[in-house]
Number of protein chains: 2
Amino acid sequence: MVRTRVIPLAEQLLDTLGEQGYRSTSPRKAVTQAIAGKQGHFTAEQLRQQLPGVGRATIYRSLKLLVDSGALCRVLLEDGNLHYQLSHQGHHHHLLCVECGSSQDLLGCDIEDLLHQVSAAHRFQLSGHWLEVYGRCYDCLPKTATG
Amino acid sequence: MVRTRVIPLAEQLLDTLGEQGYRSTSPRKAVTQAIAGKQGHFTAEQLRQQLPGVGRATIYRSLKLLVDSGALCRVLLEDGNLHYQLSHQGHHHHLLCVECGSSQDLLGCDIEDLLHQVSAAHRFQLSGHWLEVYGRCYDCLPKTATG
DNA sequence: ACCATAATGATACCTAGTCTCGTTAATATC
DNA sequence: GATATTAACGAGACTAGGTATCATTATGGT
C-alpha cells in the first residue's frame with residue numbers, strides 16, 4: 001500500500017518557521033518544498049528559476065529566515081561563491097567535492113581545540129570560525145588508476 | 001637625513017605583475033599604491049572611491065591579477081562578505097578581529113594534518129581548504145574587567 | 001619615431017541581495 | 001462564518017560586486 005509521499009522535510013522547515021511565529025503561507029510552502037527536494041547546495045537564483053511564481057524578495061526573505069533559524073547554512077565554494085544548504089546540526093563543516101559538487105558534513109572534527117591553542121598563542125580571543133574543506137568524494141575518485 | 005619615503009610595497013606589487021609580462025601602466029600604479037597604503041582588508045568599492053580617476057573594470061582587473069599572482073588574498077568576513085588583503089606568504093589563515101576589523105596572519109597552524117586524518121576517515125581526497133578565525137585581538141580585549 | 005598590441009574606460013549586463021510600498025491573504029476573534 | 005488586524009506578498013527601484021564588449025589610448029620593443 002503506497003500512500004502519497006509527502007516530503008516531510010518541507011513540513012519540518014515550515015514548522016521551524018511556525019514555531020517562531022511566522023505564518024505558513026503558500027509562497028513559503030513552495031520555497032520549503034523546493035529546498036527539501038534539493039541535493040546538496042544551491043543558490044537563491046536556482047530557486048527563483050524553479051519557482052517563477054514566487055517573488056524574488058520572498059525567496060530571499062525565506063532563505064534568510066531559514067538561515068537565521070539554523071535550518072539552512074551557507075557554504076563557501078572554492079571560487080568564493082556562497083551557496084545555501086540544508087543544515088543537519090548546529091555548528092559543523094563541509095567536505096565539498098569539487099568534481100560533483102556534493103557535500104558531506106564533517107563530523108568529529110576537533111578543530112576547536114587546535115584553534116583555541118593557536119589563538120591563545122597569538123593573544124587572540126577566539127569567538128568563531130569558518131572552515132570549508134575541498135577535494136574529491138569517494139564516488140569521484142579515479143577508480144581505474146590505482147597505481 | 002630623511003629621504004622621500006617612496007612606499008616600496010607598491011613597487012613590489014607592480015614588479016610582481018611586471019615579472020608576469022604585464023605592463024606597468026599609470027592606472028596600475030595608482031591601484032598598487034592605494035593597496036600598499038591599506039591597513040588590513042578592503043573592498044574593491046573602497047578602492048574605487050579612493051581612485052575616481054581609474055575605471056571600475058581596471059580596478060577589478062588589477063585586483064584579479066594580484067590575487068592570481070598571490071600578492072593579494074581574499075578574506076571571508078563573518079557576515080559572508082569577501083574582502084581583499086595583502087598576502088604575506090603562500091597559504092595561510094587569518095585571525096580577524098570582529099571589533100576593529102584588523103587581521104593577523106595565523107602562523108604555525110597544523111590544521112592540514114588534522115584535516116587529512118578526518119578526510120581520510122570520510123573517504124574524501126583532500127585538495128584544499130578555507131579557514132577564517134574570528135574573535136578579538138589583544139588591543140580590543142576588555143582590559144578593565146579582569147575578574 | 002614607429003608600430004603592434006596590451007590595457008584602458010565607458011557602458012551594458014549579470015548575480016546577489018536589500019528596501020519601499022501598495023496590495024493580498026493568514027489568522028485570531030467574534 | 002464574517003471580520004479585522006497585520007504579517008507577508010510582489011513589483012520594482014536600488015546597491016554592491018563583478019564580467020563582457022568594444023572603440024580608443026598609451027606602453028614598450030624595435
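Protein chains get the first letters and strands the later ones, always in sequence-line order, with residue 1 at the start of each.
Atom CD of A:Q20 is separated from atom P of D:dA7 by 16 Å (rounded to the nearest Å). Atom CG in B:L14 sits roughly 13 Å away from atom C1' in D:dT27 (whole-Å rounding). A straight line from NE2 of B:H83 to C1' of D:dG18 spans 14 Å, rounded to a whole angstrom. In this structure, A:L82 atom CG and C:dT15 atom P are separated by 17 Å, rounded to whole Å. Atom CG of B:L66 and atom P of D:dG18 are 14 Å apart (whole Å). Taking atom CG of residue B:L51 and atom P of nucleotide C:dG9, one finds them 10 Å apart after rounding to whole Å. Atom pair B:I59:CD1 and D:dA16:P shows a separation of 14 Å (rounding to whole Å applied). With rounding to whole Å, A:N81 atom CG is found 11 Å from C:dT15 atom P.
DNA chain C is contacted by A:A44, A:E45 of residues 39-46 of chain A, taking any non-hydrogen atom closer than 4.0 Å.
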Can you give me the N/O atom pairs linking the protein to nucleotides 18-26 of chain C at distances under 3.5 Å, or say none if there are none?
unit_1, atom_1, unit_2, atom_2, d
C:dA26, N3, A:R23, NH1, 3.3

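End-to-end axis angle of the helix from C:dA1-D:dT30 to C:dC30-D:dG1, using five pairs per end and rounding to 10°, comes to 30°.
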Check step by step if side-chain contact (heavy atoms from CB on, under 4.5 Å) holds for B:S24 and B:K29.
-> CA-CA 7 Å; B:S24 171; B:K29 280 176 197 160; 3.4 Å; yes
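Between B:L126 and A:Y134 the shortest side-chain heavy-atom distance does not fall below 4.5 Å. Contact annotation: the side chain of B:K38 never approaches that of B:L86 to less than 4.5 Å [non-hydrogen atoms, C-beta and beyond].
B:T32 contributes atom OG1, which lies 6.0 Å from atom CG of B:L13 (distance to the nearest 0.5 angstrom). In this structure, B:L47 CG and B:Q50 CD are separated by 6.0 Å, a value rounded to the nearest 0.5 Å.
Neither A:L95 nor A:L141 shares a network with the other; the hydrophobic side chains, linked directly or stepwise wherever heavy atoms of I, L, V, M, F, W or Y lie under 4.5 Å apart, form separate groups for each. Hydrophobic clustering (ILVMFWY, side-chain heavy atoms < 4.5 Å, transitive): A:V118 and B:L114 are in one cluster.
Between A:H129 and A:H91, a ring centre-to-centre spacing shorter than 6.0 Å is recorded.
Within 4.0 Å (heavy atoms only), B:G53 reaches sugar-phosphate atoms of the nucleic acid but no base atom. Contact annotation for B:G80: no contact, since no heavy-atom pair falls under 4.0 Å across all strands.
Screening B:H94, B:H93, B:Q85, B:E132 for a side-chain hydrogen bond (donor to acceptor under 3.5 Å, both in side chains) involving B:S103 leaves a single residue, B:Q85.
Other residues, nucleotides and ligands contribute more than 12 heavy atoms inside 6.0 Å of the CD atom of A:E78.
Taking 4.0 angstrom as the limit, B:R74 places a side-chain polar atom (N or O) nearer than this to OP1 or OP2 of D:dG18.
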